[in-house]
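Okay, structure first, notes after.
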Amino acid sequence: MVEAFAVASGKGGTGKTTSTLALGMALAETYDVTVVDADTGMANLLFHAGLDDVDVTLHDLLVEETATGVEEATYERFGMRVVPCGTSLAAFERAEPALLREVVADLAADADVLLLDSPAALDSKSAILPIVLADRVVVVLQPTIPALSDGIKAQEYARTYGAETAGVIFNRVRDDEETETIARQAERYFGGETLAMVPESDLVRAARRAGEPLLAHAPDSAAAAAYREAARRLDVRP
Ligand code: ADP
Ligand code: MG
């Protein structure tokens with residue numbers, strides 16, 4: 001059995017991709033983990049995982065006529081299986097987003113945990129598909145009022161489509177009263193628990209520049225520790 005998580009937020013730049021790879025690496029210490037860049041319109045997980053030079057990606061799996069098997073777009077990296085998505089607009093236009101359902105079903109056969117890095121905007125059927133396909137949704141929020149309102153929407157979508165909220169990761173929490181207060185107040189709006197408060201950190205940016213997940217680039221950082229704790233709290237039940 002597999003447990004599938006969508007990592008979503010309702011807003012861009014909150015740290016979904018960073019969080020997907022960090023949780024993936026933490027969970028890969030115990031489980032067979034497959035990470036999918038399901039943000040097919042604005043894919044960027046490949047840059048976070050040093051996969052920007054690969055030829056075959058999720059886009060190729062989302063074309064009906066091609067006989068590309070999921071394994072051809074799956075790369076073993078950092079102890080996980082990673083299915084990146086390409087950045088070409090032409091490939092995105094050729095892709096049929098609804099085929100993600102079949103791709104996810106194929107990938108589920110070989111994994112304990114599937115993590116779906118999800119699009120920022122939840123404004124179309126294809127954009128919410130990762131949430132629809134997930135068992136649980138991890139909401140990634142920056143502790144600002146607008147981000148919270150988007151996060152509440154993301155959670156409503158999850159409920160509407162039958163996914164539970166696994167919890168909230170507050171990301172880019174600065175060491176000041178304002179963000180800490182917002183994060184603490186926000187806890188009561190969300191059904192799921194707070195999985196982690198991930199600090200704002202230069203090491204997170206440096207990891208992205210190096211094309212490595214945070215847990216590979218800075219395993220001893222406070223941010224990495226926060227993600228390991230979040231992975232434990234997820235209480236995965238494949
Ligand atoms: P999303 O996938 O939600 O669009 P990303 O994970 O790509 O967000 O993060 C957006 C940018 O913010 C990246 O450049 C990333 O390195 C940076 N970032 C994310 N989390 C942190 C953090 N805790 N501290 C500093 N920079 C961060
Ligand atoms: Mg992203």
Side-chain angles (χ1 to χ4, degrees), residues 5-26 35-52 57-59 78 80 82-87 92 97 100 115-123 126-131 134 137-144 146-151 153-155 157 168-176 178-180 182-183 194-231:
F5 293 88
V7 181
S9 69
K11 203 170 214 65
T14 59
K16 291 178 294 299
T17 303
T18 301
S19 300
T20 302
L21 287 165
L23 288 175
M25 274 194 71
V35 164
V36 182
D37 189 353
D39 188 359
T40 53
M42 286 286 174
N44 62 10
L45 185 141
L46 74 177
F47 300 115
H48 290 246
L51 287 167
D52 35 322
T57 77
L58 178 64
H59 275 153
F78 308 105
M80 310 175 272
V82 182
V83 182
C85 189
T87 55
F92 173 59
L100 183 66
L115 294 171
L116 307 174
D117 186 9
S118 306
L122 301 171
D123 56 358
S126 61
I128 57 171
L129 189 53
I131 290 179
V137 178
V138 175
V139 180
V140 182
L141 297 178
Q142 285 178 22
T144 65
L148 293 186
S149 131
D150 294 335
K153 253 178 268 162
Q155 201 179 37
Y157 278 116
V168 181
I169 291 176
F170 289 101
N171 186 27
R172 312 195 75 154
V173 178
R174 291 191 312 270
D175 193 11
D176 62 36
E178 190 194 343
T179 56
E180 280 181 16
I182 290 176
T194 299
L195 297 169
M197 300 261 185
V198 180
E200 171 75 26
S201 161
D202 285 340
L203 290 167
V204 177
R205 277 185 292 271
R208 220 276 303 130
R209 280 196 301 274
E212 290 178 337
L214 174 71
L215 269 69
H217 190 78
D220 300 327
S221 59
Y227 279 116
R228 275 198 217 93
E229 177 61 22

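As the structure lists them, so they are numbered: ligands from 1, and atoms in each ligand from 1. Predicted model, so just to flag it, every value in this text is computed and none were measured.
Counting only distance, with no hydrogens or angles, the side chain of S118 and the backbone of V7 share a donor-acceptor pair below 3.5 Å. A donor-acceptor pair is defined here as one N or O able to donate and one able to accept, closer than 3.5 Å; no such pair exists between the side chain of Q155 and the backbone of S9. Between the side chain of T57 and the backbone N or O of C85 there is no donor-acceptor pair closer than 3.5 Å. The backbone N or O of P219 lies less than 3.5 Å from a partner atom in the side chain of R228, making a donor-acceptor pair. Not a single donor-acceptor pair under 3.5 Å links the side chain of T194 to the backbone N or O of A196.
With atom 14 (O) of ligand 1 as the reference point, the heavy atom nearest to it among Q142, R208, R174, M42 is part of R208. For the residues T18, T20, D202, L203, the heavy atom positioned nearest atom 6 (O) of ligand 1 is part of T18.
The nearest protein atom to atom 7 (O) of ligand 1, hydrogens excluded, is given as H48 NE2, 3.3 Å; this is a heavy-atom distance. The protein heavy-atom contact nearest to atom 21 (C) of ligand 1 is V204 CG1, 3.3 Å. In this structure, atom 12 (O) of ligand 1 lies nearest to the protein heavy atom R172 NH1, 3.1 Å. At the top of the distance list for atom 8 (O) of ligand 1, counting protein heavy atoms only, stands G15 N, 3.1 Å.
Around the Mg ion (ligand 2), protein N, O or S atoms at a distance under 2.8 Å total 1; waters are neither shown nor counted.
Below 3.5 Å of separation, one finds no N or O of S19 facing any N or O of ligand 1.
For residues 218-227, the set of pairs meeting the side chain to side chain donor-acceptor pair (under 3.5 Å) definition, not counting sequence neighbours, comprises S19-Y227.
At least one side-chain heavy atom of L100 sits less than 4.5 Å from a side-chain heavy atom of L58.
Taking every heavy atom of K16 and a limit of under 4.0 angstrom, the matching atoms of ligand 1 come to 1 (P), 2 (O), 3 (O), 4 (O), 6 (O), 8 (O).
Not a single heavy atom of R209 lies less than 4.0 angstrom from ligand 1. For P199, the closest heavy-atom approach to ligand 1 falls below 4.0 Å. For G13, the closest heavy-atom approach to ligand 1 falls below 4.0 Å. The shortest separation from a heavy atom of S9 to ligand 1 is not under 4.0 Å, leaving the residue out of contact.
L115 approaches L23 most closely through the heavy-atom pair CD1-C, 4.1 Å.
Inside a 4.0 Å radius of atom 25 (C) of ligand 1 there is at least one protein heavy atom.
Contacts of E200 with ligand 1, taken as heavy-atom pairs under 4.0 Å, involve both backbone and side chain. With a 4.0 Å cut-off on non-hydrogen atoms, N171 touches ligand 1 through its side chain and not its backbone.
Looking at V139, T14, V138 one by one, the single match for side chain to side chain contact (heavy atoms under 4.5 Å, CB included) with I169 turns out to be V138. Put simply, the residue from D37, D117, D39 that forms a side chain to side chain donor-acceptor pair (under 3.5 Å) with T17 is D117. When the options L195, V168, N171 are evaluated for a side chain to side chain contact (heavy atoms under 4.5 Å, CB included) with V140, the one that passes is N171.
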Identify all side-chain donor-acceptor contacts of residues 204-215 below 3.5 Å with residues at least two apart in sequence or on another chain.
{"unit_1": "R205", "atom_1": "NH1", "unit_2": "E200", "atom_2": "OE2", "d": "2.6"}
{"unit_1": "R205", "atom_1": "NH2", "unit_2": "D202", "atom_2": "OD1", "d": "2.4"}
{"unit_1": "E212", "atom_1": "OE1", "unit_2": "H217", "atom_2": "ND1", "d": "2.9"}

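Qualifying side chain to side chain donor-acceptor pair (under 3.5 Å) partners for T18, counting only residues two or more places apart in sequence or in other chains: none.
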